[in-house]
J.: 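Take a look at this one; I'll ask things after.
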Amino acid sequence: MDKIKIGFAPTRRNLFSAAAAIEYADLTREKLDEFGIDYVDIKEINEDGLLYDDTGLEKIAEKFAAEKIDGLFLANENFGTEYECARLAKKLNVPVLLWGPKDEHPADDGSRLRDTQCGLFAIGKVLRRFKVPFTYIRNCDLADPVFERGIKDFVKVCNVVKVFRNTRILQIGPRPFDFWSTMCNEGELLERFNIQLSPIPLNELVKEIKKVQSEESDLIRENIDHVHELAEVQIKPDELRMVVALKIAILNLAEAYGCNAGVIQCWTALQDEIGILPYAALSLLQDEGLPVTCETDVHGVISQLLVEAATLGEHRAMFADVNTRHPSNENGELLQHLGVFPLSTAKTKPILPPRHFVFDYPGSVGFEAKEGDLTLCRFDGDNGEYSLLMGNAKVIDGPYNQGTYVWVEFENLNRLETKLVYGPYIHHISAVYDKVVPVLYEACKYIGIQSDFYDPIEEDIQAYLRGE
């Protein structure tokens, strides 16, 4: 994953103290350095290193565009020049963060140096006039933990937006006939979101597997050894060799087509060609940063990309069926799938069983996922409307299941069930061991989809974003 780069544009207005604005801009720079933020500065643009006029605006916009920034940070160091901020933001079309440091105590004569808070109101209004969505950190001191949290969350938001806007999905085969629920509108995804599909037939994958097997003996051996380190292997050596050849082949094709994710028609034509299921290979790919979902669920893999991006790639997402109610917990639910959870999410050492519990083939994974708190999300749409369903759950104990699985508890399972039945969502969901709902919520305003929740938590999220 590329590092997120922020364009730092501190601003001032001429009626207020330029010296105070310069001082606070430098203090802000020090904090960005302390937080490890990768940012592009404007200190050489003019004597102040601040945004306040058209001449500076054009130079700043040119520099930020050349640097390919992923987000714009408008730091209002005094009242700020609201129209220059809005003009710059409009030119760049990236997520925008607005903040200004809390004003100091008025002088003994009643004069004020900066009027930063008042300027924030003005900038927010003009950004709205320019139809520029933006994120706001409340007016606070640089040392306030809210400032650090807001900056770091904004970087995550930028990552979600960057991943979403630059997604190309390798589609290996059409969806299975029976899975009408996973159909998608390829043209609409491209026209509205720039999400591109790269469809290939199954036989192209088979050809790549044969090529890998004939040319990549050292690489195959290394991958086989790696699987033995990660899991208890109960399948035959030639079957394991096919698992890793399949994994390498998908990686090769994803690279050839410039894809950052994939979907695959996982049953049943592929088994007839190569004699194994793809699920173990998909588990390995998930941990290597290439999410590939089964049953050709394009919206499902987009969900995985979004929730992983919200963690800056620190956690890998589980792709799961919302499957069965817990036998004794009224708000408990089974998240389970054919055997595709990332191996890194296992509670105990995973196994590669001799045969799958549904399909009579090798090539799957079995384990219970580890304990923890989860963020769940599902990107989906129909009839021209798209939204992101999201919320939280916690892992609980439950009965043994085959495949990859985890039991979770919701605040109110009935609310989730109702959402999934009425749609536009389906039974597939992505889950990650992190709490990133506020990041996903904020990202929705930039990627042009509606945020949605299965619990009534929107006010809590807004309170978090207000720094409360």
Side-chain angles (χ1 to χ4, degrees), residues 169-183 198-214 216 220 223-224 227 230-254 259 261-288 290-298 300-301 318-321 323 336-343 350-367 401-405 427-428:
I169 299 168
L170 181 70
Q171 180 182 329
I172 306 171
R175 63 173 173 83
F177 170 78
D178 290 331
F179 270 69
W180 286 50
S181 58
T182 62
M183 69 172 61
S198 299
I200 65 170
L202 284 174
N203 71 323
E204 185 171 343
L205 173 62
V206 174
K207 288 180 181 178
E208 184 64 26
I209 291 170
K210 292 178 180 177
K211 180 182 176 183
V212 168
Q213 289 176 320
S214 65
E216 303 283 0
I220 287 177
N223 274 267
I224 288 173
V227 175
L230 295 174
E232 179 186 334
V233 178
Q234 299 178 356
I235 59 177
K236 299 174 183 177
D238 61 324
E239 294 168 343
L240 178 57
R241 180 179 173 84
M242 180 59 76
V243 167
V244 301
L246 172 59
K247 189 209 82 167
I248 296 166
I250 294 175
L251 277 173
N252 290 348
L253 290 168
C259 298
V263 295
I264 188 169
Q265 185 198 88
C266 55
W267 52 272
T268 56
L270 186 63
Q271 291 79 34
D272 296 336
E273 294 289 337
I274 64 174
I276 67 163
L277 295 158
Y279 306 130
L282 302 190
S283 285
L284 295 166
L285 287 168
Q286 314 266 31
D287 270 329
E288 294 187 18
L290 183 76
V292 181
T293 58
C294 43
E295 294 157 351
T296 324
D297 185 359
V298 171
V301 84
M318 298 181 289
F319 178 69
D321 277 356
N323 194 282
Q336 182 268 350
H337 218 275
L338 298 164
V340 297
F341 289 6
L343 298 181
I351 63 168
L352 273 63
R355 286 291 183 270
H356 190 266
F357 63 97
V358 175
F359 306 106
D360 190 24
Y361 288 94
S364 63
V365 177
F367 62 80
N401 268 261
Q402 296 174 313
T404 48
Y405 74 97
H427 60 293
H428 289 166

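This one's a predicted model, so the numbers in the text were calculated from it and none came from an experiment.
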J.: Of the non-hydrogen atoms in Gly363 and Val243, which two are nearest, and what is the gap between them?
T.: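 Heavy atoms only, the tightest pair is CA-CG2, 4.2 Å.
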
J.: Report the distance from atom CG of Leu352 to atom OG of Ser364, rounding to the nearest 0.5 Å.
T.: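 The OG atom of Ser364 is 7.0 Å from CG of Leu352, to the nearest 0.5 Å.
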
J.: Do side-chain atoms of Gln286 reach the backbone of Val340 as a donor and acceptor pair under 3.5 angstrom?
T.: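 Answer holds: yes.
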
J.: May I have the step-by-step check of side chain to side chain contact (heavy atoms under 4.5 Å, CB included) for Ile172 and Val292, ending in yes or no?
T.: CA-CA 10 Å; Ile172 306 171; Val292 181; 5.5 Å; no

J.: Out of curiosity, Asp287 CG to Leu343 CG, how far, rounded to the nearest 0.5 Å?
T.: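 Output value for this atom pair is 5.5 Å.
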
J.: Taking all non-hydrogen atoms of both residues into account, name the closest pair between Arg175 and Glu295 and its distance.
T.: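 Residues Arg175 and Glu295, closest heavy atoms: CB-O, 4.4 Å.
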
J.: Is the backbone N or O of Val263 less than 3.5 Å from a side-chain atom of Thr296, with the two atoms forming a donor-acceptor pair by type?
T.: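 Pair absent, no side-chain N/O of Thr296 close to backbone of Val263.
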
J.: Donor-acceptor pair, Gln271 side chain versus Cys266 backbone, under 3.5 Å?
T.: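 It does hold such a pair.
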
J.: Could you report the tightest heavy-atom contact between Ile220 and Ala245, atom names first, then the distance?
T.: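 For Ile220 and Ala245, the tightest heavy-atom pair comes out as CD1-CB, 4.5 Å.
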
J.: One pair to check against side chain to side chain contact (heavy atoms under 4.5 Å, CB included): Gln402 and Gln336. What are the steps and the verdict?
T.: CA-CA 8 Å; Gln402 296 174 313; Gln336 182 268 350; 5.7 Å; no

J.: For the atom pair CG (Leu202) and CG (Asp272), what is the distance rounded to the nearest 0.5 Å?
T.: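 One gets 10.5 Å once the value is rounded to the nearest 0.5 Å.
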
J.: Ignoring hydrogens, what is the shortest heavy-atom contact between Leu170 and Cys259? Give both atom names and the distance.
T.: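 Reported closest heavy-atom pair: N-SG, 3.4 Å.
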
J.: Walk me through it: do Ile264 and Leu205 pass the test side chain to side chain contact (heavy atoms under 4.5 Å, CB included)?
T.: CA-CA 10 Å; Ile264 188 169; Leu205 173 62; 4.0 Å; yes

J.: Specify whether Phe367 and Phe341 have parallel, tilted or perpendicular ring planes, treating 30° as the upper limit for parallel and 60° as the lower limit for perpendicular.
T.: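 Because their plane-to-plane angle is over 60°, the rings of Phe367 and Phe341 count as perpendicular.
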
J.: Rounded to the nearest 0.5 Å, what's the gap from CD1 on Ile276 to CG on Leu270? Could you check?
T.: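 It comes to 7.5 Å.
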
J.: State, to 0.1 Å, how close Thr293 and Gly300 come at their nearest heavy-atom pair, and which atoms those are.
T.: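 The pair with the smallest heavy-atom distance is CG2-C, 4.0 Å.
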
J.: Restricting to non-hydrogen atoms, name the atom on Ile209 and the atom on Ala249 that form the minimum distance, rounded to 0.1 Å.
T.: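 Shortest heavy-atom contact: CG1-CB, 3.7 Å.
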
J.: Taking it one step at a time, do Asp321 and His428 satisfy side chain to side chain contact (heavy atoms under 4.5 Å, CB included)?
T.: CA-CA 5 Å; Asp321 277 356; His428 289 166; 2.7 Å; yes

J.: Just checking, is any N or O donor in the side chain of Glu208 or Asn252 under 3.5 Å from an acceptor N or O on the other one?
T.: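 Looking only at side-chain atoms, Asn252 and Glu208 do form a donor-acceptor pair, the distance falling under 3.5 Å.
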
J.: Restricting to ring-ring contact (aromatic ring centres under 6.0 Å, His included), what partner residues turn up for Tyr279, sequence neighbours left out?
T.: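 His356.
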
J.: Can you list every pair that meets side chain to side chain donor-acceptor pair (under 3.5 Å) and has a residue in residues 236-248, with sequence neighbours left out?
T.: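 Sorted result for residues 236-248: Asn223-Lys247, Lys247-Glu288.
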
J.: CD1 of Ile235 to CG of Leu240: how many Å apart, nearest 0.5 Å?
T.: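 Going from the CD1 atom of Ile235 to the CG atom of Leu240 covers 5.0 Å.
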
J.: Please round to the nearest 0.5 Å and tell me the distance separating atom OG1 of Thr268 and atom CD of Glu273.
T.: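 Between atom OG1 of Thr268 and atom CD of Glu273 there are 11.0 Å.
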
J.: Less than 4.5 Å apart, any side-chain heavy atom of Pro362 and any of Arg355?
T.: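 Side chain of Pro362 against side chain of Arg355, heavy atoms only: contact under 4.5 Å found.
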
